[in-house]
**Student:** 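Have a look at the structure that comes next, please.
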Amino acid sequence: MARIGLLSLSDGRDFVHRDVTDHIDRAGRELAAVLTAAGHEVITAPEQVSTNALATSQARWLADQHPDLTVMHHSVWTFPHFTMLAAEATPGPLLLVANIDPQFPGMVGMLAGGGGLDQIGRVHSRAWGDLKDPAVVTRILTQVRAAAAVQGLRGSTFGRIGGRPMGMYTAVANPDQWMSQFGVDVEEIDQWEIVRRADNADPARVRAGREWIERHAAGVHYDGKQLTPELLERQIRSYYAMRELIDEWNLDFSGIKGQPELTTHFCTMDVAEAFLNDPYDWEGPKATHVTATEADMDGALTMQLLKLLTGDPVLFADVRHYHADRDLWDLCNSGQHATWYAARSDDPAENLSRVNFHPEVFYFPAGGASVQHLAAPGDLTFARLTRLDGEYRMQVTRGSLETYDDATNERLMRASTYEWPHAFARLEAPAEEFLGRFGSNHLHAVPGDQVDALRAVCRLLGVRWDGFGTAAGPEQAKERV
């Protein structure tokens, strides 16, 4: 749910304003009803803006309500300096909405006001048309979701558990840049805190977690060495240690380095990472907590934005293998996929029935369970914040996940690391183009088409758009010509 401030603008001539005030009021109530019906909270300014003084006072009143987005509604011709003055008094994302009506030319007022904002460099978005048109409502609600995601990011804290993993430059970002551009603080926490706090977990809760996994999973494949009940319980203890750190430090999203210290000498973080990203655990429903493996900062930031946009768990994976004969990508990474992706069901038991807990492979001598499953089919949006010469860009493509018959699934999974979770992805991005310029080994995804919403997020955050396939957009097409 977003908190939306609604400011209705009018004509500055008193005799005109008197004649259109009822129309403005009715149009404002209709827009507020559409936003409320979509589940958002709407706060309407007490007065219509018909003077320069009201432009400032009403905008300041709305700003004091701390909205995620301020909507300036142009349902009639509006004096452009009202838009300018109101924008000056309004921090945060701004959306201009106009009707298209030859009798009440709100579109003209929106264009005049928006043009003025362009001249002074004030970032804003625009939506126009009849509210009875679903496409118009979608356009407005896309901007609402983007603004809520951006505002949800600002003032948040990322918990970085451990340092740079295995020399990955792409997993480390500048905290100054994060605060300046995204409003996110970084709390540095040593991995020893997981080891130390794991012993504090309640044995009864830990045992209940293990038994729940054993009862609901497709299989827990103990081998007496790399995976034992004791090692699985150590992983569950690590999950509780992370929950304790999250609560104590008020962390909004996190990343765990893991390799090589924990994976060599303690246990893998696969179980902790999978269930932190899930909307449930063995104790029932819970909020998801974005947690990136290898303490991947830009990966976690991408995931948090996708979560704030959709409310869904977010996929994290290595771009592990490309099956050229099928034009198919195997997105696979040790333990990081939330178990929700196994069936994308609201019922944890349905998801877990497709998840196997295998002994960890030779990369991780400390052992533990790898949380293996094959992600369910469906359309997704794939995205990743990367940096080019220090500047952020959002690399995005549309695509879909696929599954096949059991024998084919098995063969494709065994082509890489069988014991890890897999997602077979068909991307719009041509392989040559994707491998030629994608800026990370990690890729993230959420269900549905989120391209327009991500574009809106990038505009608000000052992030360059870098799309593949149909997500490229006209700007990139022009660049390539």
**Student:** Working to the nearest 0.5 angstrom, can you tell me the gap between W77 CH2 and M107 CE?
**Tutor:** 11.5 Å
**Student:** Got a sec: does the CD of E88 have more than 12 other heavy atoms crowding it under 6.0 Å?
**Tutor:** no
**Student:** Is the count of non-hydrogen atoms from other residues, nucleotides or ligands lying under 6.0 Å from D185 atom CG greater than 12?
**Tutor:** yes
**Student:** Once rounded to the nearest 0.5 Å, what's the spacing between atom CG of D176 and atom CD of Q181?
**Tutor:** 12.5 Å
**Student:** Do the side chain of H289 and the main chain of A287 share a donor and acceptor less than 3.5 angstrom apart?
**Tutor:** no
**Student:** When you look at CZ of R60, are more than 12 heavy atoms from neighbouring residues, nucleotides or ligands closer to it than 6.0 Å?
**Tutor:** no
**Student:** With rounding to the nearest 0.5 angstrom, report the CD to CG distance, Q151 to L69.
**Tutor:** 8.5 Å
**Student:** Assess the side chains of T470 and E428: does a donor N or O sit below 3.5 Å from an acceptor N or O?
**Tutor:** yes
**Student:** Check whether any side-chain heavy atom of D298 sits under 4.5 Å from a side-chain heavy atom of T170, and report yes or no.
**Tutor:** no
**Student:** How long is the straight-line distance from CZ of R154 back to CZ of F182, given to the nearest 0.5 Å?
**Tutor:** 8.5 Å
**Student:** Would you sort out whether D270 and S334 count as a side chain to side chain donor-acceptor pair (under 3.5 Å), showing the intermediate values?
**Tutor:** CA-CA 7 Å; D270 296 35; S334 176; 2.6 Å; yes
**Student:** If only atom types and distance count, is the side chain of D252 paired as donor or acceptor with the main-chain N or O of T157 below 3.5 Å?
**Tutor:** yes
**Student:** Taking C-beta and beyond as the side chain, do I236 and W282 meet within less than 4.5 Å on heavy atoms?
**Tutor:** yes
**Student:** Set out, in order, the CA-CA distance, both residues' side-chain angles and the distance that settles side chain to side chain contact (heavy atoms under 4.5 Å, CB included) for T70 and H124, then state yes or no.
**Tutor:** CA-CA 10 Å; T70 299; H124 66 284; over 6 Å; no
**Student:** Could you check if a side-chain atom of T293 sits within less than 4.5 angstrom of a side-chain atom of M269, using non-hydrogen atoms only?
**Tutor:** no
**Student:** For the pair F434 and Y322, evaluate ring pair (Phe, Tyr, Trp, His ring centres under 6.0 Å) and give the outcome as yes or no after the intermediate values.
**Tutor:** CA-CA 11 Å; F434 185 79; Y322 177 62; 9.3 Å; no
**Student:** When you measure from the side chain of T21 to the backbone of H17, do you find a donor-acceptor pair of N or O atoms at a distance under 3.5 Å?
**Tutor:** no
**Student:** Do T291 and F253 have side-chain heavy atoms sitting under 4.5 Å apart?
**Tutor:** no
**Student:** CE of M242 to CG of D247: how many Å apart, nearest 0.5 Å?
**Tutor:** 10.5 Å
**Student:** Salt-bridged, D25 to R29, with N to O below 4.0 Å?
**Tutor:** yes
**Student:** For V172 and R160, what are the C-alpha separation, side-chain angles and deciding distance, and is it a side chain to side chain contact (heavy atoms under 4.5 Å, CB included)?
**Tutor:** CA-CA 10 Å; V172 180; R160 186 171 182 244; 3.6 Å; yes
**Student:** Examine distances only and state if a side-chain atom of S75 and a backbone atom of G106 form a donor-acceptor pair shorter than 3.5 Å.
**Tutor:** no
**Student:** Mind checking whether V314 and Q304 have side chains closer than 4.5 Å, heavy atoms only?
**Tutor:** no
**Student:** Flag the pair Q58 / P46 as yes when at least one side-chain heavy-atom distance between them is below 4.5 Å, and no otherwise.
**Tutor:** yes
**Student:** Do R387 and Y169 form a cation-pi contact, if we require the NZ or CZ to be under 6.0 Å from the six-membered ring centre and within 45 degrees of the ring's axis?
**Tutor:** no
**Student:** So, does Y341 use its side chain to make a donor-acceptor pair with the main chain of H373 at under 3.5 Å?
**Tutor:** no
**Student:** Is the shortest side-chain N to carboxylate O distance from R320 to D318 below 4.0 Å?
**Tutor:** no
**Student:** Which heavy-atom pair separates G439 from R393 by the least distance, and what is that distance?
**Tutor:** CA-NH2, 3.7 Å
**Student:** If you take all heavy atoms of V49 and L54, which pair is closest and at what distance?
**Tutor:** CG2-O, 3.9 Å
**Student:** Output yes when a side-chain donor or acceptor of N351 lies under 3.5 Å from a complementary backbone atom of S345, and no otherwise.
**Tutor:** yes
**Student:** For a 4.5 angstrom cut-off between non-hydrogen side-chain atoms, does R145 reach Q450?
**Tutor:** yes
**Student:** Compute both the distance and the angle, then confirm whether R459 meets the cation-pi test with W465: under 6.0 Å from the six-membered ring centre, within 45 degrees of the axis.
**Tutor:** no
**Student:** Is there a side chain to side chain contact (heavy atoms under 4.5 Å, CB included) between T288 and W340 once you walk through the steps?
**Tutor:** CA-CA 11 Å; T288 60; W340 182 81; over 6 Å; no
**Student:** Using the rule given for side chain to side chain contact (heavy atoms under 4.5 Å, CB included), can you reason through T339 versus Y280, listing the C-alpha separation, both sets of side-chain angles and the distance that settles it, and then say yes or no?
**Tutor:** CA-CA 10 Å; T339 66; Y280 51 77; 2.7 Å; yes
**Student:** Minimum heavy-atom separation for A349 to H216, with atom names?
**Tutor:** CB-ND1, 3.9 Å
**Student:** From the options R437, H442, Q395, select the one residue that forms a side-chain hydrogen bond (donor to acceptor under 3.5 Å, both in side chains) with T386.
**Tutor:** Q395
**Student:** Search all heavy atoms of A423 against all heavy atoms of L401 and return the closest pair with its distance.
**Tutor:** CB-CD2, 4.0 Å
**Student:** If you take the centroid of each ring, where Trp contributes its six-membered ring, are F382 and W329 closer together than 6.0 Å?
**Tutor:** no
**Student:** H73 and side-chain contact (heavy atoms from CB on, under 4.5 Å): which partner among L7, N99, L6?
**Tutor:** L6
**Student:** Salt bridge check: are R243 and E283 linked by an N-O gap of less than 4.0 Å?
**Tutor:** no
**Student:** Does G258 offer a backbone N or O that forms a donor-acceptor pair with the side chain of Q191 under 3.5 Å?
**Tutor:** yes
**Student:** Does some side-chain heavy atom of F79 sit less than 4.5 Å from a side-chain heavy atom of D11?
**Tutor:** yes
**Student:** Between R126 and D118, does any NZ, NE, NH1 or NH2 come within less than 4.0 Å of an OD or OE carboxylate oxygen?
**Tutor:** yes
**Student:** Would you mind checking if D449 and R398 are paired as a salt bridge, meaning a charged N to carboxylate O distance below 4.0 Å?
**Tutor:** yes
**Student:** When rounded to the nearest 0.5 angstrom, what distance separates CD1 in I161 from OG in S238?
**Tutor:** 12.0 Å
**Student:** Can you tell me if R344 uses its side chain to pair, donor with acceptor, with the backbone of A375 under 3.5 Å?
**Tutor:** no
**Student:** Evaluate the ring planes of F104 and H23, with Trp represented by its six-membered ring, and classify them as parallel (under 30°), tilted (30 to 60°) or perpendicular (over 60°).
**Tutor:** parallel
**Student:** If we check side-chain contact (heavy atoms from CB on, under 4.5 Å) with L31, which of these qualifies: I4, T44, I140?
**Tutor:** I140
**Student:** Is the side chain of K286 donor-acceptor paired with the backbone N or O of D278 at a distance under 3.5 Å, no angle test?
**Tutor:** yes
**Student:** Minimum heavy-atom separation for V76 and S10, please, with both atom names.
**Tutor:** CG2-CA, 4.1 Å
**Student:** Would one find more than 12 heavy atoms of other residues, nucleotides or ligands at under 6.0 Å from atom CD of Q177?
**Tutor:** yes
**Student:** Considering non-hydrogen atoms only, spot the tightest contact between A87 and L94 and give its length.
**Tutor:** CB-CD2, 3.8 Å
